[in-house]
Amino acid sequence: MSKAVTKDERFLLKLFELASSLGDPTNEVDRYEVGQTMGQKQRGVDTIVRMLAQSNFVRKGMGSNIYLSTGGLDLIKSLRVF
């Protein structure tokens, strides 16, 4: 049985996927690019990123870029099925 995944968790998984495709899961990725792949509007992305940053799952980079923190990587590991 699969565990339900929240919108925030899906955002983190997508961030992980996009950053990993650049060679390292901690690479900076544009937050709006992540949101666009999920069909999220800009305001929704800003809200999700604000909550994830307050929870120490992501860190803000240059401009609109974000990257996974150690806590975010740990959460990804707990969400992913290997």
Side-chain angles (χ1 to χ4, degrees):
M1 182 192 304
S2 66
K3 181 176 146 185
V5 180
T6 67
K7 195 178 297 185
D8 294 351
E9 291 168 339
R10 283 198 324 268
F11 189 91
L12 281 177
L13 289 167
K14 186 54 73 173
L15 173 59
F16 177 83
E17 180 183 311
L18 292 173
S20 294
S21 73
L22 298 173
D24 184 343
T26 60
N27 278 336
E28 289 188 15
V29 177
D30 185 282
R31 69 177 77 187
Y32 302 116
E33 180 183 344
V34 178
Q36 185 177 21
T37 64
M38 298 174 53
Q40 287 290 314
K41 295 184 180 179
Q42 192 168 348
R43 268 179 73 180
V45 169
D46 290 340
T47 301
I48 290 171
V49 169
R50 186 171 45 255
M51 297 300 289
L52 291 173
Q54 288 174 347
S55 301
N56 294 317
F57 292 129
V58 299
R59 301 266 187 253
K60 295 181 181 180
M62 298 294 293
S64 61
N65 288 349
I66 56 171
Y67 61 95
L68 285 167
S69 68
T70 304
L73 288 169
D74 290 342
L75 180 60
I76 294 292
K77 288 177 187 174
S78 73
L79 294 173
R80 292 177 61 94
V81 177
F82 294 100

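What you see below is based on every heavy atom in this structure, not just the backbone, and it leaves out hydrogens, waters and symmetry mates.
Within the model, atoms CG of L13 and CD1 of I76 stand 4.5 Å from one another, a figure rounded to the nearest 0.5 Å. The OG1 atom of T47 sits 9.5 Å away from the NZ atom of K7 when rounded to the nearest 0.5 Å. Between the CG atom in L52 and the CG atom in L15 there is a gap of 8.5 Å [rounded to 0.5 Å]. Note: D74 CG to N56 CG = 12.0 Å, rounded to the nearest 0.5 Å.
With hydrogens and angles ignored, the 3.5 Å screen pairs a side-chain donor or acceptor of S78 with a backbone N or O of L75. Between the side chain of E9 and the backbone N or O of T6, at least one donor-acceptor pair lies under 3.5 Å. With hydrogens and angles ignored, the 3.5 Å screen pairs a side-chain donor or acceptor of S69 with a backbone N or O of F57.
In this structure, the side chains of Q42 and D46 come closer than 4.5 Å at one or more pairs of heavy atoms. Q40 is not listed as a side-chain neighbour of Q36, based on a closest heavy-atom distance of 4.5 Å or more.
Remark: E28 engages M62, N65, Y67 in a side chain to side chain contact (heavy atoms under 4.5 Å, CB included) (not counting sequence neighbours). Scanning for side chain to side chain contact (heavy atoms under 4.5 Å, CB included) contacts around S21 gives an empty result, with sequence neighbours left out.
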From CA spacing to verdict: side chain to side chain donor-acceptor pair (under 3.5 Å), D24, T26: CA-CA 5 Å; D24 184 343; T26 60; 3.0 Å; yes

Candidate pair K14 and R10, rule side-chain contact (heavy atoms from CB on, under 4.5 Å), full reasoning: CA-CA 6 Å; K14 186 54 73 173; R10 283 198 324 268; over 6 Å; no

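There is no path of hydrophobic side-chain contacts, each under 4.5 Å, that joins L68 to M51. Both L18 and L22 sit in one connected hydrophobic cluster of ILVMFWY residues. Membership requires side-chain heavy atoms under 4.5 Å apart, directly or through other members.
Across all non-hydrogen atoms, the minimal contact from S20 to P25 is OG-CB, 3.5 Å. Counting all heavy atoms, side chain and backbone alike, A53 lies closest to K60 at CB-CE, 4.5 Å.
Remark: of the listed residues V5, I66, T37, V58, I66 is the sole one forming a side-chain contact (heavy atoms from CB on, under 4.5 Å) with F11.
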